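Encoded as structure tokens, the structure appears first; notes follow it.
These figures come from a predicted structure and were not determined experimentally. Lettering of chains follows the sequences in order, A, B, ..., and the numbering in each one begins at 1.
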Amino acid sequence: MAAKKKGPKTEDRRPKKTAEPAPHAEGKWSEWFARKARERRYWLVKSEPEVFSFDDLVRAPKRTTHWDGVRNFAARNFLRDGMKLGDHVFFYHSMANPQVIVGICEVVREGYPDPSAFDKKSYGYDENSKPDDPQWYMVDLRAVDQLPRPVTLPEIKARKELADMALIRIGRLSVTPVRVKEWETIVKMAG
DNA sequence: GCCAACGTTGGC
DNA sequence: GCCAACGTTGGC
């Protein structure tokens, strides 16, 4: 294993031959996902429908919102480094009855500093985040479509092929990657 | 309302 | 650097 480089990344086109450790080895999920982030195209974000529902997103101007307020480093890394223009994102209702994936949205602006962290009056204010050294990031998401039918968390848990979903493995994370196969399975379940 | 699974903080 | 205490998220 090569030593980690510091500073700006340099291009290295050699194929990486390093064997991939099992993702759950040593519980290093966030590191594993951070490394895999480049390869991924699908994500899942959580929101409490009482606070901001998928319908709220559909009704928003341009069906778009700033996904602000995330204050978890693993989730921040996905927002800042992982999510790319055009990536598709499941919209999940947490703290709902039942919890469900209700719709699909799309990244329309890549990670940029979350201004609510700079605002003393904001709930998301963080004195450690300065405009010239921001700690917290957000993306802009635009509603694409409601799922034909919501897919519930119990349904997801009942599927063996979805047992490894980050949604299941890291229950508290509010922004998680979704593998292509997982995405396709869930879209099929909804259809 | 309870609790599991973390992340954060602070004492040492 | 370790670890106990505490806080938060979110499922049940």
Got a list of protein N/O to nucleotides 10-12 of chain C N/O distances below 3.5 Å?
| unit_1 | atom_1 | unit_2 | atom_2 | d |
| --- | --- | --- | --- | --- |
| C:dG10 | OP1 | A:R172 | O | 3.0 |
| C:dG11 | OP1 | A:Y92 | OH | 2.7 |
| C:dG11 | OP2 | A:M95 | N | 3.4 |
| C:dG11 | O5' | A:Q99 | NE2 | 3.2 |
| C:dG11 | O3' | A:K157 | NZ | 3.4 |
| C:dC12 | OP1 | A:K157 | NZ | 2.3 |

**OP:** Please name all residues satisfying side-chain hydrogen bond (donor to acceptor under 3.5 Å, both in side chains) with A:D140, sequence neighbours left out, ordered by chain then number.
**Re:**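 For A:D140, the residues satisfying side-chain hydrogen bond (donor to acceptor under 3.5 Å, both in side chains) (neighbours in sequence not counted) are A:H66, A:Y112.
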Subject >> All side-chain contact (heavy atoms from CB on, under 4.5 Å) counterparts of A:E182, not counting sequence neighbours >> reply: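 Counting only residues at least two positions away or on another chain, A:E182 forms a side-chain contact (heavy atoms from CB on, under 4.5 Å) with A:L162, A:M165, A:V178, A:R179.
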Original post:
Among pairs that include at least one residue of residues 146-161 of chain A, which meet side-chain hydrogen bond (donor to acceptor under 3.5 Å, both in side chains), considering only residues two or more places apart or in two chains?
Top reply: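 Only A:R149-A:E155, A:T152-A:E155, A:R159-A:E161 qualify under side-chain hydrogen bond (donor to acceptor under 3.5 Å, both in side chains).
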**OP:** Hey, could you give me each pair passing salt bridge (charged side-chain N to carboxylate O under 4.0 Å, His left out) that has a residue in residues 109-119 of chain A? Not counting sequence neighbours.
**Re:**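 Residue pairs with at least one partner in residues 109-119 of chain A: A:R71-A:D114, A:K84-A:E110.
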Measure [atom1]/[X] against [atom2]/[N] and give the value in whole Å, please.
| X | N | atom1 | atom2 | value |
| --- | --- | --- | --- | --- |
| A:D126 | B:dT8 | CG | C1' | 12 Å |
| A:R76 | C:dT8 | CZ | C1' | 18 Å |
| A:N128 | B:dT9 | CG | C1' | 12 Å |

Original post:
For A:R80, what residues pass the salt bridge (Lys or Arg N to Asp or Glu O under 4.0 Å) criterion, not counting sequence neighbours?
Top reply: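 Applying salt bridge (Lys or Arg N to Asp or Glu O under 4.0 Å) to A:R80 gives none.
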